[in-house]
**Student:** 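Following this message is one structure expressed as structure tokens.
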Protein chains: 2
Amino acid sequence: MNVPIQVDYGVRALVDLAENSHKGDVQTADIAKRQQIPRQFLAQVLHNLNKFGITSSKRGPNGGHRLAIKPSNITMGYVMRTLGNNKHTVCCLENSSKCYQAPKCSQKHVWRKVEIAVNKILDSTTIEDLINN
Amino acid sequence: MNVPIQVDYGVRALVDLAENSHKGDVQTADIAKRQQIPRQFLAQVLHNLNKFGITSSKRGPNGGHRLAIKPSNITMGYVMRTLGNNKHTVCCLENSSKCYQAPKCSQKHVWRKVEIAVNKILDSTTIEDLINN
DNA sequence: TGTATTTATGAGTGATTTACTCATAAATTA
DNA sequence: TAATTTATGAGTAAATCACTCATAAATACA
């Protein structure tokens, strides 16, 4: 499984937001510093989370980011699908190969089974779960 | 999950070998033709399978490849680990990030859980299972 | 012995992806 | 108006992927 660093950063940012939301909007630079994530890149990740309605943001002085959904309703699966470039969790050759097209590809349903198992775990793990360890 | 095309080719080659083993050694070119895999690349894949004892081979006229283990004992998991460049199935940032090192990485055990679930499926699926659909 | 056949093996390569940076625009506040 | 903060698209260096190429080594058979 390819876990893009965007997903890692995104999840960490969401955990950070959940833990610091009481102070009001949280700025990219603060999250970047706390989580040791390159600032400009984190800005893009947060922008993506924003676009998909997981967070919302405000520009200008004392602007920043906040969660738009409560931590117990944000699943790793949703973050993965949001930041993971719309790829299948198990990319069984989805781009170039004929795997999914081939009628007698005997591997296909194994990988599908794997994907279902993965999504089951990711969709049942929330940001809140991560905070509670 | 990154399913390298090598793994796909390897699994298909093993299924092909299992289905054609009764005729004696099977040549790379024949598998390549039947399975529509680039010949030279398949040669490398078969060589890798050979190195790890899944197949054996013979050079020269009427040489070729054969299974060294019976299909019911070759798991997708083993093929994945053999051809998948020794990476973790779930590559939770294993290369560059601090994920596995960081003491308070709350994602780590989620990805580990995912990896265990994936391996459970792959290790319980054999080449024989694929042949029997 | 010599020639054809087949695998073994390392080096190279073009395209794509990844993980960023840079530059600048737009919004907001004081 | 100036400072601050996010928005957004373009660019980029390094790594990876999916191969090809070239050549060596083994084997079979005439």
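These numbers were taken from a predicted model, which means no experiment stands behind them. Quick note on labels: first sequence line is chain A, next is B, and so on, each numbered from 1.
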**Student:** Can you tell me how far C1' of D:dA18 sits from CG of B:Asp8, to the nearest Å?
**Tutor:** 12 Å

**Student:** Consider only side-chain N and O atoms of B:Gln107 and B:Trp111, and report whether a donor and an acceptor are under 3.5 Å apart.
**Tutor:** yes

**Student:** In whole angstrom, what separates B:His65's NE2 from D:dT27's P?
**Tutor:** 14 Å

**Student:** Can you tell which of C:dT6, D:dA18, D:dT6 lies closest to the side chain of A:Gln27?
**Tutor:** D:dT6

**Student:** Between C:dA19 atom C1' and A:Gln36 atom CD, what is the distance in whole Å?
**Tutor:** 17 Å

**Student:** Hey, which sits more toward the 5' end of DNA chain C by its nearest nucleotide, B:Pro61 or B:Lys51?
**Tutor:** B:Pro61

**Student:** Do the side-chain N or O atoms of A:Tyr9 get closer than 4.0 angstrom to the phosphate oxygens (OP1, OP2) of C:dA19?
**Tutor:**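 It does not, given that no N or O in the side chain of A:Tyr9 lies less than 4.0 Å from OP1 or OP2 of C:dA19.
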
**Student:** Does anything in residues 37-47 of chain A reach DNA chain D, meaning a heavy atom under 4.0 Å, and if so which residues?
**Tutor:**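 Contacts with DNA chain D under 4.0 Å: A:Gln44, A:His47.
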
**Student:** Of the nucleotides D:dC29, D:dA18, D:dA3, which one has an atom closest to the side chain of B:Asn62?
**Tutor:**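 For B:Asn62, the side-chain atoms sit closest to D:dC29.
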
**Student:** I need the CG-P distance between A:Asn48 and C:dA19, as an integer number of Å.
**Tutor:** 14 Å

**Student:** Please report, rounded to the nearest Å, how far the C1' atom of C:dA4 is from the CZ atom of B:Arg59.
**Tutor:** 15 Å

**Student:** Considering only NZ, NE, NH1 and NH2 on the basic side and carboxylate oxygens on the acidic side, decide whether B:Asp16 and B:Arg12 come within less than 4.0 Å.
**Tutor:** no

**Student:** Rounded to whole Å, please give me the gap between CD in A:Gln6 and P in C:dT17.
**Tutor:**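 The answer, rounded to whole Å, is 15 Å.
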
**Student:** Please confirm whether the shortest side-chain N or O distance from B:Asn50 to OP1 or OP2 of C:dA8 is below 4.0 Å.
**Tutor:**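 For C:dA8, OP1 or OP2 has a side-chain N or O of B:Asn50 closer than 4.0 Å.
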
**Student:** Taking only N and O in the side chain of A:Lys58, is any of them less than 4.0 Å away from OP1 or OP2 of C:dT29?
**Tutor:**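 Yes, within the criterion.
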
**Student:** Quick one: are A:Thr126 and A:Asn73 in side-chain contact, heavy atoms under 4.5 Å?
**Tutor:** no

**Student:** Hey, what do you get for OG (A:Ser106) to CD1 (B:Ile131), rounding to the nearest 0.5 Å?
**Tutor:**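 A:Ser106 atom OG to B:Ile131 atom CD1 measures 8.0 Å (nearest 0.5 Å).
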
**Student:** Round to the nearest Å and state the distance from A:Arg66 atom CZ to D:dT5 atom P.
**Tutor:**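 A:Arg66 atom CZ is separated from D:dT5 atom P by 15 Å.
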
**Student:** Whole angstroms only, please: what is the CD1-P distance between A:Ile5 and D:dA15?
**Tutor:**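 One finds 15 Å between P of D:dA15 and CD1 of A:Ile5, rounded.
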
**Student:** Does A:Ser57 have a side-chain nitrogen or oxygen under 4.0 Å from the phosphate oxygens OP1 or OP2 of D:dT6?
**Tutor:** no

**Student:** Minimum heavy-atom separation for B:Arg81 and B:Asp123, please, with both atom names.
**Tutor:**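 Smallest interatomic distance, heavy atoms only, reads NH2-OD1, 3.0 Å.
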
**Student:** Using the side-chain hydrogen bond (donor to acceptor under 3.5 Å, both in side chains) rule, pick out the option among B:Thr28, B:Thr55, B:Asp25 that qualifies with B:His65.
**Tutor:**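 Among the candidates, only B:Thr28 passes.
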
**Student:** Looking at every non-hydrogen atom in both residues, tell me the closest pair between A:Glu128 and A:Ser72 and how far apart they are.
**Tutor:**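 Smallest heavy-atom distance, with atoms named: OE1-CB, 3.2 Å.
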
